[in-house]
There are 2 protein chains.
Amino acid sequence: MVKQQVEREHSPSMEDYLEAIAMLRDANKAVRVSQISRRLKVRMPSVTSALERLSEKGLVVHERYRYVELTPEGEIVAEGVVHRHEALSCFFTEALDIDRETAEEDACKIEHVISPLSLERMIKFIEFIQACPLEEPNFPKRYKYYLEHGKLPEECLARGLEKEERRK
Amino acid sequence: MVKQQVEREHSPSMEDYLEAIAMLRDANKAVRVSQISRRLKVRMPSVTSALERLSEKGLVVHERYRYVELTPEGEIVAEGVVHRHEALSCFFTEALDIDRETAEEDACKIEHVISPLSLERMIKFIEFIQACPLEEPNFPKRYKYYLEHGKLPEECLARGLEKEERRK
DNA sequence: AAAATTTGTTAGCCTTGCCTAACAATTATA
DNA sequence: TATAATTGTTAGGCAAGGCTAACAAATTTT
């Protein structure tokens with residue numbers, strides 16, 4: 001709790017709309033009110049009014065009854081959201097071994113509130129475990145073993161103990 | 001982002017109030033409107049009206065001009081929030097090596113949206129790295145080295161290569 | 001091209017959750 | 001104990017962001 005110093009530029013809701021628009025466009029779908037509505041599971045009038053608010057902020061262009069487009073600035077914001085989303089969902093699946101669906105759901109929520117630092121660290125973390133593939137059992141394997149058995153694999157403990165012994 | 005199937009029981013705001021009440025009480029401070037107001041950085045009338053909403057849901061007891069208390073049910077909800085908060089802030093500091101302040105801020109936001117599964121995995125993850133202390137350089141050290149130098153420590157790579165060699 | 005369907009908008013309502021201003025109760029102080 | 005200071009409440013406002021109902025434009029079908 002305790003409020004953050006700097007208020008976020010855009011609300012979670014606005015970020016969701018921008019993200020949805022960017023992703024529909026990237027999927028080569030016409031970006032229409034109905035598409036956004038379906039994707040975000042809100043009714044069309046909610047989309048219309050959201051687009052109005054986004055227009056006022058200069059983030060989208062939308063003529064009545066026509067397609068929706070991002071402005072260059074909207075593009076930048078959307079890109080940021082998508083990037084956070086992808087990093088988070090990757091972290092959840094790769095680092096924490098969470099199923100894709102849950103990972104996506106959590107990413108959708110957390111992308112709106114996570115700090116740049118924490119996000120950066122999650123990305124570094126993924127890099128880190130990907131840089132460890134030579135060790136056997138490597139990081140993800142050991143972690144999965146721990147998830148399943150509640151302890152580290154034998155050989156891993158053994159290796160640790162060896163070192164302990166040697167130290168004496 | 002695609003809505004979650006199950007709507008959260010209580011809003012982030014309500015959870016913040018419950019958490020604040022529990023923590024003030026645990027700090028042996030009188031739980032008064034003014035205290036909550038200070039802690040959450042909202043004005044007193046906002047607290048009064050929030051308490052009214054919480055009363056209606058049977059989560060707090062609050063007589064006009066008097067102290068605030070949690071009901072048994074409010075207690076359970078508050079406990080859940082505090083638990084999520086602590087697990088998250090621990091994960092950020094211990095696993096990702098993030099400074100306490102940022103960790104707290106992020107925990108405050110994410111505690112309201114994270115799924116039970118992801119939370120559980122973060123907890124397991126902390127257990128996992130704490131179960132690795134025998135290896136040298138151990139997990140947190142290697143991770144910190146990676147953060148600072150952008151690569152794994154020499155000896156770590158060397159060990160990996162040895163194994164590669166042996167395999168040939 | 002007329003009719004039917006789909007899509008989009010407008011108007012208007014509702015809840016949440018914050019705010020300020022004004023007032024009331026409580027507590028502390030002279 | 002009377003007054004001052006603090007604390008809390010009430011009343012009322014406002015923005016965000018959702019909704020439905022009714023209507024209008026666009027598109028598709030006949």
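Atom set for the values below is all heavy atoms of this structure, side chains included, hydrogens, waters and symmetry mates excluded. First the proteins, then the strands, lettered A, B, ... as listed; each starts at 1.
- Rounded to whole Å, atom P of dT7(C) lies 14 Å from atom CG of Leu24(A).
- Using a cutoff of 4.0 Å between basic side-chain nitrogens and carboxylate oxygens, Glu15(B) and Arg84(B) are scored as salt-bridged.
- Comparing dG8(D), dT20(C), dA16(D) against the side chain of Arg43(B) picks out dT20(C) as the nearest.
- Rounded to an integer number of Å, the gap from Lys41(A) NZ to dC19(D) P is 12 Å.
- Side-chain atoms of Ser46(B) lie closest to dC18(C) of the nucleotides dG17(C), dC18(C), dT7(D).
- Atoms CD (Glu52(B)) and C1' (dT15(C)) sit 14 Å apart, rounded to a whole Å.
- DNA chain C is contacted by both Tyr17(B) and Ser34(A); Ser34(A) maps to the nucleotide lying nearer its 5′ end (nearest heavy atom per residue).
- Heavy atoms of Tyr67(B) sit nowhere under 4.0 angstrom from any nucleic acid atom.
- In terms of hydrophobic clustering, with Ile, Leu, Val, Met, Phe, Trp and Tyr side chains grouped at heavy-atom distances under 4.5 Å, Ile129(A) and Phe91(A) are assigned to a common cluster.
- Using a 4.5 Å cut-off between side-chain heavy atoms of Ile, Leu, Val, Met, Phe, Trp and Tyr, with links allowed through other members, Met122(A) and Ile126(B) fall into the same hydrophobic cluster.
- What separates CZ of Arg66(A) from C1' of dT9(C) is a distance of 14 Å, to the nearest Å.
- In this structure, Arg64(B) does not reach the dG8(D) phosphate: none of its side-chain N or O atoms is under 4.0 Å from OP1 or OP2.
- The number of heavy atoms from other shown groups lying within 6.0 Å of CD (Glu127(A)) is above 12.
- Closest to the Pro45(B) side chain, of the nucleotides dC19(C), dG17(D), dG17(C), is dC19(C).
- For Met44(A) and dG18(D), the CE to P distance is 15 Å, given to the nearest whole Å.
- Rounded to whole angstrom, the span from the CZ atom of Arg38(A) across to the P atom of dG8(C) amounts to 8 Å.
- Comparing atom distances between the Val42(A) side chain and each of dC18(C), dG17(C), dC19(D) picks out dC19(D) as nearest.
- If you run salt bridge (Lys or Arg N to Asp or Glu O under 4.0 Å) between Arg25(A) and each of Glu75(A), Glu69(A), Glu79(A), only Glu75(A) comes through.
- Residue Thr48(B) places its side chain closer to dT10(D) than to any other of dG8(C), dT10(D), dG18(D).
- Using a 4.0 Å cut-off, some side-chain N or O of Arg53(B) falls inside it from OP1 or OP2 of dG17(C).
- Ser13(B) comes within contact range of the sugar-phosphate backbone alone, with a heavy-atom separation under 4.0 Å but no base atom that close.
- The residue among Tyr65(A) and Leu51(B) whose nearest nucleotide of DNA chain D is located toward the 5' end is Leu51(B).
- Not a single donor-acceptor pair under 3.5 Å links the side chain of Ser89(A) to the backbone N or O of Ala107(A).
- Counting non-hydrogen atoms under 4.0 angstrom, His62(B) reaches the backbone sugars and phosphates but no base.
- The CG atom of Leu40(B) sits 16 Å away from the C1' atom of dC19(C) (whole-angstrom rounding).
- The CZ-C1' distance, from Arg39(B) to dT7(D), rounds to 19 Å in whole Å.
- Residue contacts shown for Ser49(A) are absent, as no nucleic acid heavy atom lies under 4.0 Å away.
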